[in-house]
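Just so you know, these numbers use all the heavy atoms, side chains as well, and skip hydrogens, waters and symmetry mates. The structure displayed is predicted, hence computed values, not measured ones.
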Amino acid sequence: MKHTITQAALAALIAIPLALNAQERVIDVDVTQVKGPLDRMFNLSVGAGRANEGLRADWQQQLAELRKDTGFRYIRMHGLLSDDMGVFRIDPQGQEQYNFQYIDALFDYLLGIGIKPFVELGFMPSAMASGTKTIFWWRGNVTPPRDYEQWGRLVKALTRHWTERYGKAEVASWYFEVWNEPNLDGFWAGTQDEYFKLYAHAARAVKSVDASYRVGGPATAGAAWIPEMINYASKNRVPLDFVSTHSYGVNQGFLDEFGTTGTVLSKDEMAVAGDVLRNRKEIAASGMPKLELHYTEWSSSYTPADPTHDSYHQAAYILKKLKQSSGAVQSMSYWVFTDIFEEPGPRFEAFHGGFGLMNTQGIKKPAYFAYQFLNQLGAHELDNADQDSMAARDDKGNAQVLLWDVTYTLPDGVNNQQYFIQDLPPRAKGSVKVAVRGLTPGAYTMTVSQVGYKQNDAFTAYIGMGSPKQLTRPQVATLKATATGKPSRRQSVTVGRDGVFSTALPMRENDVYLLQLDAAR
């Protein structure tokens, strides 16, 4: 059910004062007290819309920049086997023909910039499909194969091709995931049993090329089918190296490609992360208790028309969910890295609530900087009692503290599409005192980087332009200049004989700070 609200009423709701905690927040860490290696599950993988989009120059340019700034190591996308990749046909003599030239061009590029494929095997080539049901503007066929043996032969041929082209050692470092969200009718026209059959043929085909290759599923929506997947694999001796699923931070629905649903950000403190922890418990209680768990899609919302994705609120939201999930999951693949994403067709607006960390023109959203800041943390995570921060150090005597505030500001009775398109000034949340102990006395450079309202916040600047649907070249340049990720403050500081550095940072709702202390060389 959609809600309507006037601009005046919305302004009144926004103006309602909140009871804020005025107590000073303290983050106190010691570089000699190491919790362990930093869990880098946050940048193992990122999503993209479909494989054919990866042949575009602008898509490739954006991915290269993202890779450099954020360190993402794998990428997952739909449509690798769909007709627009030209993979399979039956010739006039009835012979099966394979063509991997488009896939080669894409994968050669990915590996060339240091990012590996998290292979999603789907959708069904129409020449192999049992029906005509499709999804999305680009018509991915979601029906089972007419002949499962034929499906297995295609998977085997493609896996063998990759092995010959890239070598066993390289392909053994990849992940193979079978299909996408088969528990949704929109994505899979078959039953659960038919999905398991599809999975079994694909998994055995991959393993027939090399037993060390990693294969898994079920890539479900809503954290579903994990016990069922494990039970099926155990009972039928089907290879299963990891389980995968998806979760989004709204309570209603699972699929909304055209953005017609008024989504509402969940108030649940453990949204998304609660699903992760439940799945980990399900795995621990199963016959395969040490299976890897990969969340191959996640975000605040499952629709590519939700302005939470563009808003400054998203950066802090991402950091909170990742910290809550740390230790329970091997990857959290943000859906997706770019608004070059055509599930509902090409978009007509520069900012439209798209999933991307960057918009179509390559303007970096606040969410982008959550990952950029995470990538600047050192290899060793420090003990830290504060729930909304991460502290780390590297092996060179440098320390980093990444801290944030998450405040739920969505008024009751208002949906995301109505609220997050506004200019939304935050309220003050007092100050945060940061103390870093155990440092080697001497000279340091302190840098402070920030993302929040009007700080690396291109969307608020875009709203200030009047939210034009199309952007001129000067407007693009202006918006890119507002969101560079460069530090807002840099200064020389001295750590005394007590080895302690301390400072205070003013905090507003949904602010994010990265504080770095780099020893002078």
Does the pair [X]/[Y] count as a salt bridge with the N-to-O cut at 4.0 Å?
| X | Y | result |
| --- | --- | --- |
| Arg56 | Asp58 | yes |
| Glu349 | Lys469 | no |
| Glu509 | Lys429 | no |
| Lys364 | Asp69 | yes |
| Glu343 | Arg50 | no |
| Arg508 | Asp511 | yes |
| Lys267 | Asp412 | yes |
| Arg25 | Asp386 | yes |

Assess the pair [X] and [Y]: is the distance between their ring centroids shorter than 6.0 Å?
| X | Y | answer |
| --- | --- | --- |
| Trp162 | Phe107 | yes |
| Tyr368 | Phe373 | no |
| His309 | Phe420 | no |
| Phe501 | Tyr444 | no |
| Trp298 | Trp335 | no |
| Tyr175 | Phe242 | yes |
| Trp59 | Tyr109 | no |
| Phe42 | Tyr371 | no |
| Trp179 | Phe187 | no |
| Tyr317 | Trp404 | no |

Step-by-step side-chain hydrogen bond (donor to acceptor under 3.5 Å, both in side chains) determination, His246 to Asp275: CA-CA 9 Å; His246 307 156; Asp275 284 341; over 6 Å; no
Can you check whether [Y]'s main-chain N or O pairs, donor with acceptor, with [X]'s side chain at less than 3.5 Å?
| X | Y | result |
| --- | --- | --- |
| Asp518 | Asn398 | no |
| Ser311 | Pro307 | no |
| Thr482 | Leu479 | yes |
| Asn456 | Gly485 | yes |

Taking C-beta and beyond as the side chain, do [X] and [Y] meet within less than 4.5 Å on heavy atoms?
| X | Y | result |
| --- | --- | --- |
| Gln361 | Leu471 | yes |
| Val26 | Val432 | no |
| Ile103 | Met85 | yes |
| His294 | Thr245 | no |
| Leu424 | His313 | yes |
| Glu342 | Glu53 | yes |

Can you tell me if [X] and [Y] form a side-chain donor-acceptor pair at under 3.5 Å?
| X | Y | answer |
| --- | --- | --- |
| Thr70 | Gln372 | no |
| Ser389 | Asn384 | yes |
| Tyr295 | Asn279 | yes |
| Thr220 | Glu181 | no |
| Ser301 | Thr308 | no |
| Thr303 | Asp306 | no |
| Thr409 | Tyr419 | yes |
| Asn43 | Tyr334 | no |
| Gln455 | Asp457 | no |
| Tyr102 | Asp84 | no |
| Gln491 | Arg489 | yes |
| Ser449 | Lys486 | no |
| Asp405 | Asn510 | no |
| Gln450 | Ser488 | no |
| Lys433 | Ser502 | no |
| Asn141 | Thr134 | no |

Indicate the atoms forming the closest heavy-atom contact of [X] with [Y], along with that distance.
| X | Y | value |
| --- | --- | --- |
| Leu80 | Val87 | O-CG2, 3.7 Å |
| Ser247 | Val272 | OG-CA, 3.6 Å |
| Gly47 | Ile75 | C-CG1, 4.4 Å |
| Ala219 | Pro182 | O-CD, 3.9 Å |
| Arg278 | Ala223 | NH2-CB, 3.4 Å |
| Pro468 | Gln475 | CG-NE2, 4.1 Å |

Step by step, work out the side-chain hydrogen bond (donor to acceptor under 3.5 Å, both in side chains) result for Thr338 and Gln62. CA-CA 8 Å; Thr338 177; Gln62 288 188 24; 2.7 Å; yes
With side chain to side chain contact (heavy atoms under 4.5 Å, CB included) as the test, pick out the partner of Ile363 among Tyr462, Phe459, Phe351. Phe351
Evaluate side chain to side chain contact (heavy atoms under 4.5 Å, CB included) for Leu515 paired with Gln400, printing each intermediate quantity in order. CA-CA 6 Å; Leu515 171 68; Gln400 309 84 32; over 6 Å; no
Begin from the C-alpha positions of Ser333 and Glu297 and carry the test side-chain hydrogen bond (donor to acceptor under 3.5 Å, both in side chains) through to its verdict. CA-CA 5 Å; Ser333 186; Glu297 291 183 25; over 6 Å; no
Where do Thr478 and Met465 land on the side chain to side chain contact (heavy atoms under 4.5 Å, CB included) test, with the steps shown first? CA-CA 10 Å; Thr478 297; Met465 289 179 172; 3.9 Å; yes
